[in-house]
Every structure is written in C-alpha cells, then in structure tokens.
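Nothing here was measured: the structure is a model prediction, and the numbers come from that model.
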Amino acid sequence: MKKAASLFLSILMIISSSIYVFAAEDTSVEFSVKIVHTNDIHARVQENASSGIIGMPKLKSIIDDYTDGADMDLVLDSGDLFHGQSIATLVQGESVAELVKACGYDAMTAGNHDWNYGKDRLKELAGIAGLEMLTGNVVDENGNQFFNNSYYIETAEKDGQELKVGIFGVIDPSIYSDTAPTNVAGLTFTDPVEYANTAALELEAMDCDVVIGLTHTYDPAVLASNVNGVDLWLAGHEHTDIDTSVTTPDGSTAYVIENGYYLYEAGLINLDCTLDLNGNITDIECNADNAYYTDVSAYEDDQAVKAVLDKIIADESVILNQVVGSSPADLDGVWEHLRVDETNMGRAVTDAYLLETGADIAFENAGGIRASVSKGNVTYSDIIGISPYGNYIVTKQITGNQLKEVLETSIDIQTKSIYAYETGDNSIWPENSGSYLQVGGVTVEYNPSLEYGNRVLSVKVGGEPLKEDKLYTIATNNFVAVSSYYPQIANAEETGEYSACDEALINYFKQDENTILSSVTTARMIQTDVVPTTVPETTVDITTTPTGTASADATSATETQAVTTESVKTATPDSAESNNSGAVQTGGTVAASIVLVCLLSAAAVYTFYKRRLD
C-alpha cells in the first residue's frame with residue numbers, strides 16, 4: 001500500500017513539474033509596436049485630392065487610428081521634410097515644423113534638402129518640431145556630433161515585462177553635395193556603416209531590445225546588409241517603395257522599408273516583438289503596409305492640425321504681399337511667348353540660377369515659368385506666381401558637343417510651336433512645347449530654316465567660343481534635369497543641389513536695378529538667315545512644313561520637294577535653273593553639259609565627212 005502511495009505521489013510530482021515547466025515556457029510576452037513612417041514629403045503638407053497627396057491634417061487622423069491600442073507607437077520620418085513648397089520656404093521651414101509637432105512625430109533623420117536653410121536653422125526647426133534629429137554621422141570641425149542627441153529611446157511595459165526600442169539615424173556622405181556648400185560648411189558626413197555598427201552596439205549596451213535605423217541614402221539595402229544589430233531600417237531619398245529584408249554580416253535578418261514621396265502614402269509598420277521569461281527578445285516579426293490617398297480619402301481631417309494649417313495659410317497671406325525686390329521692366333511670362341522665343345522673364349529666371357550656383361550655363365523649361373511681372377515692386381506672391389512648383393536647382397556637367405545637341409532639340413521644339421502659334425490652331429501645339437528652353441550664360445546664333453542638327457551655327461559660353469570636348473557646368477530645375485527630351489542632361493550625374501527656384505528668384509530681384517536691366521535686355525538666342533559656307537549634303541522636307549519648322553524626323557525627301565544643299569551653296573541667281581523634281585542645278589553643270597554636247601556634235605560631223613571623203 002505504501003509503495004502504491006509512493007508511486008502515486010511520484011507521478012503527481014512529475015505531472016506537477018511538467019505543468020510548471022509548461023507554464024514557465026508559456027510566460028513569454030508579446031508587444032505590438034505600431035510605427036507610422038514618412039519620407040521625402042518635401043513640404044507637401046496640404047491635401048490635394050487631384051494629385052493624391054494626403055496632407056498633414058488627414059495624416060494625423062491616420063496616425064491616431066492606426067496606433068490605437070498598440071503597446072508602443074512611433075511616428076518617424078527619414079528626411080527631406082522641411083523644404084520644397086512655398087508654404088515652407090516663405091518662413092524657412094517653420095510652418096512644416098509646427099505641423100510636424102501637431103502630428104506628434106518622435107524622431108527623424110536629416111535629408112539633403114533639410115539643410116537648405118543652413119545647418120543652424122535645421123537645428124532650430126528640430127526644436128520647433130519637438131522631435132529628435134538623429135543624424136549621428138554628421139560631425140563638426142572638432143569631430144563632435146553636430147546634433148544634440150544621438151539616440152531616441154522609448155519603453156513600454158506589459159505583464160511585468162519591459163520592451164525598450166532604440167533609434168539612431170545616418171545620412172549618406174555621397175549626397176553631401178546635394179545642398180549648397182554653404183549650408184553644410186564646417187561639417188563632415190562620416191562613414192554611415194562604421195557609425196551604424198557603433199550605434200547598434202551602444203544601444204544594445206543600453207539594454208535596447210529592438211534597434212531601428214533611420215537613413216537618407218541612395219541604397220538602404222546595401223547599407224543594411226553591412227551593419228549588425230539593426231532590426232529595422234526606415235529609409236528615404238530615392239522616392240520609391242521598398243519593403244524587403246537582407247541578411248547582415250552575422251547572419252541575422254534586417255528589414256528595410258521606404259515609403260514613396262510627397263506624402264502620396266504613409267507607411268504603416270507593425271513590429272510584433274516577443275520577450276521570454278527573462279526579458280530577452282526571442283522574435284521580431286515585421287508586417288508593413290502602405291496607406292495611399294485612395295485608401296484614406298474618407299478619413300476626416302484632424303481638427304487640431306487643421307487649425308494649425310489654417311492659421312499658417314492666413315499668416316502667410318500677409319507675407320505674400322510683402323515686397324522682396326523690384327524689376328526695372330515688365331517681364332514677359334506669357335504661356336505662348338515662352339514657347340516660341342526667349343523672353344526677358346526667361347532671362348531673369350536663368351540668370352537667377354547662375355547667380356545661385358555659379359554655373360556656366362542655365363536652362364529653364366518654358367513650362368516652368370507660370371506668370372509675368374510688372375515693372376516696379378516684386379512681392380512674394382509674384383515670385384510664387386512665376387515659380388509655383390517647389391522645384392529646386394541642380395547642377396550637372398555636359399560637354400560642349402552635348403550642349404549643341406540640347407540646343408538643337410530645343411530649337412526643334414520651338415519651330416513646331418511657332419507653326420502652331422502663327423496658324424492659330426491650338427490643336428497642333430506640340431505636346432512637349434513646355435520643354436523649349438530659356439537659356440542663360442550662352443549666346444547662340446541659329447538658323448531655324450536649316451535641317452535639324454545643323455541649325456546651331458555658333459555658340460559662345462561666357463563670351464568665349466564653345467569647345468566641343470570641354471565640360472561645362474549647367475544649372476537647371478530638377479524637372480529638366482531628368483527630362484527624357486534631353487538625355488544628354490538626364491544621363492549626367494548631379495554635381496550639386498541648391499535652393500528652391502523661388503528662393504533663387506527672390507535673391508535675383510534684390511539686386512540693383514542696373515544689374516537686373518542688363519540681365520533682362522541681353523539677348524541669348526539670336527536668329528539669323530545665314531547659311532554656313534560648308535554644309536553637309538542633306539535634304540530638307542519643305543512641302544508640309546513652313547519655313548523654320550523642319551522636324552527632327554525629316555531625314556528623307558521621299559515624295560517631297562527637296563533642296564540639295566551642296567548645290568545651293570554654289571548656285572547664283574543668273575545661272576540656276578530648277579528641274580522637274582525641284583532640285584537646283586548650278587550654272588557650272590549646265591555649261592559642262594553644253595560643252596559635252598558640242599564635242600559630241602563635232603565628233604559626229606567629223607565622222608560623217610570623213611566617211612564621205614573616204
């Protein structure tokens with residue numbers, strides 16, 4: 001009996017132990033960390049239904065809805081936030097910073113355009129926004145981190161366990177030149193991989209269970225694959241969607257996410273984090289989604305954020321009427337005029353780009369100029385009317401030969417636009433009429449009646465004759481910089497990024513009157529009817545296109561009247577005759593034919609009489 005009782009107690013103890021072990025194994029705690037992530041907003045803070053831009057008031061409603069019930073919530077941004085639209089540039093980013101604070105952002109890393117108001121102003125904006133600016137690989141001349149704090153750490157408690165999340169940020173050193181040099185003077189962007197590895201180790205030493213890296217970089221996946229200890233990378237700069245994972249050097253997995261641009265979407269990221277009985281992280285599962293405008297258009301605006309935005313708009317309406325400079329002449333920004341010839345407004349805009357960048361040459365597409373300005377005071381409102389898109393200036397380098405190709409394309413667009421303008425037929429305006437280029441820094445002599453490829457007769461850059469193999473620095477807006485109509489420019493690497501176009505215009509109109517007057521009255525595109533003395537033999541279609549409108553596609557004279565340029569250059573008024581095909585024959589050719597006929601006739605007569613004599 002005792003043996004039976006002893007056996008029963010033993011079995012009971014085994015069962016109890018098993019239950020205890022099972023219970024112990026089941027004491028893990030799961031935390032839900034909800035993150036709302038944005039990048040490359042470029043000051044698109046106002047809702048625009050037609051463009052699909054969410055806007056800040058609606059974003060706040062999304063944040064509140066998505067993070068409701070989470071164990072921890074984070075609102076993070078990966079740069080290029082404070083700059084890009086007039087609502088921001090009018091007050092050097094303060095308006096955006098106020099809206100960021102109203103939306104409850106926790107931390108961000110700096111993008112290249114966030115430096116556009118200068119390094120000290122960026123620090124101020126971070127303070128106004130009430131967030132941590134995490135860009136730890138930026139150091140001053142003494143090697144000290146430029147921003148105040150290296151990390152942002154947040155904790156959450158649940159069922160007796162504590163989850164700690166640490167966040168740091170880095171910027172890509174290769175985009176150091178993507179803002180004006182004065183904006184980052186005295187600063188160095190150090191190796192992001194080296195800094196990130198150090199930051200991850202430090203956060204681990206601070207008992208962080210999850211490490212998040214914010215970055216503004218060209219290739220976040222490559223960065224992530226070279227860094228240990230980071231669980232999630234949130235990226236910006238490339239204006240794209242990324243949702244992937246990479247293997248780190250120690251064999252771990254790191255998630256990499258980027259969420260488009262311009263607030264066309266918001267990133268919704270859920271990290272499911274599991275802690276064991278001892279508080280050690282055992283699992284992190286990342287689930288990411290994108291909230292596009294079509295998904296969230298039914299959301300009501302957050303009224304508190306809307307009130308902030310409404311006040312900003314009202315306050316800026318006063319600023320818009322402030323005088324920023326003056327113009328000594330009426331400047332022509334008429335839609336049609338900009339597409340058929342250079343205008344004095346085009347000269348002002350391109351010279352503003354030259355003033356801003358120190359480039360050799362400047363281009364502005366006709367479609368980038370949206371208003372005229374009257375002689376006299378120039379207001380903020382006038383500036384925004386001229387350049388409303390929030391574009392910024394970039395510099396690139398192209399050869400002299402590529403410059404000629406760009407000019408040939410621009411003149412070809414111009415000739416087609418002239419035809420539409422002169423006939424009054426709006427239906428035949430070329431689709432790319434807005435890509436005709438206003439120019440600065442060059443003097444171009446051209447003959448639009450010649451064939452495409454031969455119209456540019458001479459080019460001077462800065463008063464010096466063009467050298468075809470020389471590299472020239474061009475300044476243009478970021479739209480033209482990637483235009484498919486100008487692959488010579490699009491395929492060139494950027495050498496710098498500068499201020500917004502409207503800011504450059506403000507600085508231009510602050511110059512003295514004589515400087516501006518000289519700028520807007522100096523012609524750059526000089527049309528001539530001169531035909532060069534040596535022209536490659538070719539043909540031009542002149543039956544269906546009026547003078548000066550020959551297309552780049554007109555490379556053959558099939559079923560058309562043709563002009564042989566080799567003949568034209570030697571023809572004279574008293575010797576030229578036209579044949580049935582419309583080709584011009586020279587007097588020399590006719591004379592040679594007559595001599596040949598005479599010789600043949602003489603030979604025939606000689607043969608005839610010789611036979612009679614024989």
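When every heavy atom of Asn477 is checked against every heavy atom of Cys501, the shortest pair comes out as CB-SG, 3.9 Å. Closest non-hydrogen pair, Leu203 versus Ile167, comes out as CD1-N, 4.1 Å. Annotation for Val378 and Val373: closest pair CG2-CG1, 3.9 Å, computed over non-hydrogen atoms. Contact record, Val96 with Ala43: CG2-CB, 3.9 Å, taken as the closest heavy-atom pair. Contact between Leu309 and Val45 at its shortest, heavy atoms only, is CD2-O, 4.2 Å. Heavy atoms only, all atoms of each residue included: Val394 and Glu494 are closest at CG1-OE2, 3.8 Å.
The local environment of CZ in Phe479 is sparse, with at most 12 non-hydrogen atoms from other residues, nucleotides or ligands closer than 6.0 Å. For Lys101, the NZ atom is loosely surrounded, since the number of other residues' heavy atoms within 6.0 Å does not exceed 12.
In terms of modelled atom types and a separation under 3.5 Å, the side chain of Thr135 and the main chain of Val138 share no donor-acceptor contact. Distance alone, capped at 3.5 Å, is enough to place a donor-acceptor pair between the Asp114 side chain and the Leu81 backbone. Judged by distance alone, with hydrogens and angles left aside, the side-chain atoms of Thr67 form a donor-acceptor pair with the main-chain N or O of Ile63 at under 3.5 Å. With hydrogens and angles disregarded, a donor-acceptor distance shorter than 3.5 Å links the side chain of Thr521 to the backbone of Leu517. With hydrogens and angles disregarded, no donor-acceptor distance shorter than 3.5 Å links the side chain of Thr155 to the backbone of Leu163. Between the side chain of Thr350 and the main chain of Arg347, a donor-acceptor pair closer than 3.5 Å is present. The backbone N or O of Asp77 lies less than 3.5 Å from no partner atom in the side chain of Asn39, so there is not a single donor-acceptor pair. Between the side chain of Asp68 and the backbone N or O of Asp65, no donor-acceptor pair lies under 3.5 Å. No donor-acceptor pair under 3.5 Å is formed between the side chain of Ser410 and the backbone N or O of Val406. Between the side chain of Ser381 and the main chain of Asn321, no donor-acceptor pair closer than 3.5 Å is present.
A salt bridge does not link Glu336 to Arg339: none of the charged nitrogens lies less than 4.0 Å from a carboxylate oxygen. The pair Arg524-Asp351 meets the salt-bridge criterion, with a side-chain N (NZ, NE, NH1 or NH2) lying under 4.0 Å from an Asp/Glu carboxylate O. Of the charged side-chain nitrogens involved, none lies within less than 4.0 Å of a carboxylate oxygen, so that Lys311 and Glu316 do not count as a salt-bridged pair. Using a 4.0 Å cut-off between charged nitrogen and carboxylate oxygen, Lys58 and Asp301 count as a salt-bridge pair. Salt bridge status for Lys396 with Glu493: absent, with no side-chain N to carboxylate O gap under 4.0 Å. One finds no salt bridge joining Lys306 and Asp302 here, because no Lys/Arg side-chain nitrogen approaches an Asp/Glu carboxylate oxygen to under 4.0 Å.
Taking Asp172 as the reference, nothing meets the salt bridge (Lys or Arg N to Asp or Glu O under 4.0 Å) condition, with sequence neighbours excluded.
No side-chain N or O of Asp64 forms a donor-acceptor pair with one of Ser61 less than 3.5 Å apart. In this model, a donor atom of one side chain and an acceptor atom of the other lie less than 3.5 Å apart for Glu503 and His83. For the residue pair Tyr117 / Thr89, no side-chain donor-acceptor distance below 3.5 Å is found, with atom types taken as modelled. Residues Thr217 and Asp219 have side chains that never bring a donor and an acceptor to within less than 3.5 angstrom of each other.
Side-chain contact check for Gln145 versus Ser150: some heavy-atom pair is nearer than 4.5 Å. Between Thr395 and Ile474, the closest side-chain pair of non-hydrogen atoms is not below 4.5 Å. With contacts defined as side-chain heavy-atom distances shorter than 4.5 Å, the pair Ile369/Glu364 qualifies. Glu513 places a side-chain heavy atom less than 4.5 Å from the side chain of Pro328. Contact of the Phe147 side chain with the Lys119 side chain is not registered, since no non-hydrogen atoms from C-beta on lie closer than 4.5 Å. At a threshold of 4.5 Å between non-hydrogen side-chain atoms, the residues Ile35 and Leu234 count as touching. Looking at Tyr508 and Ser519, their side chains come closer than 4.5 Å, going by heavy atoms from C-beta outward. For the pair Leu232 and Leu271, the minimum side-chain heavy-atom distance is below 4.5 Å.
Ring-centre distance between Tyr176 and Phe189: below the 6.0 Å cut-off. No close placement of the His237 and His113 rings is indicated, their centers lying 6.0 Å or farther apart. The aromatic ring centroids of Trp115 and Tyr392 lie 6.0 Å or more from each other.
Distance CD1/Ile53 to OH/Tyr261: 9.5 Å, rounded to 0.5 Å. Rounding to the nearest 0.5 angstrom, the gap separating the CG atom in Asn344 from the CD1 atom in Ile516 is 12.0 Å. Here the straight-line distance linking atom CG of Leu122 with atom CZ of Phe82 works out to 6.5 Å at 0.5 Å rounding.
Pairs of residues two or more places apart, or lying in two chains, never qualify as salt bridge (Lys or Arg N to Asp or Glu O under 4.0 Å) while including a residue from residues 231-242.
Checked options Glu258, His216, His37; the residue passing with Ser78 is His37 (criterion: side chain to side chain donor-acceptor pair (under 3.5 Å)).
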Does the salt bridge (Lys or Arg N to Asp or Glu O under 4.0 Å) test come out yes or no for Glu300 and Lys60, once each step is laid out? CA-CA 10 Å; Glu300 295 290 333; Lys60 175 58 174 171; over 6 Å; no
Side-chain donor-acceptor pairs of residues 434-441 under 3.5 Å, sequence neighbours excluded:
unit_1	atom_1	unit_2	atom_2	d
Gln438	OE1	Thr343	N	3.0
Gln438	NE2	Leu338	O	3.0
Gln438	NE2	Asp341	O	3.0

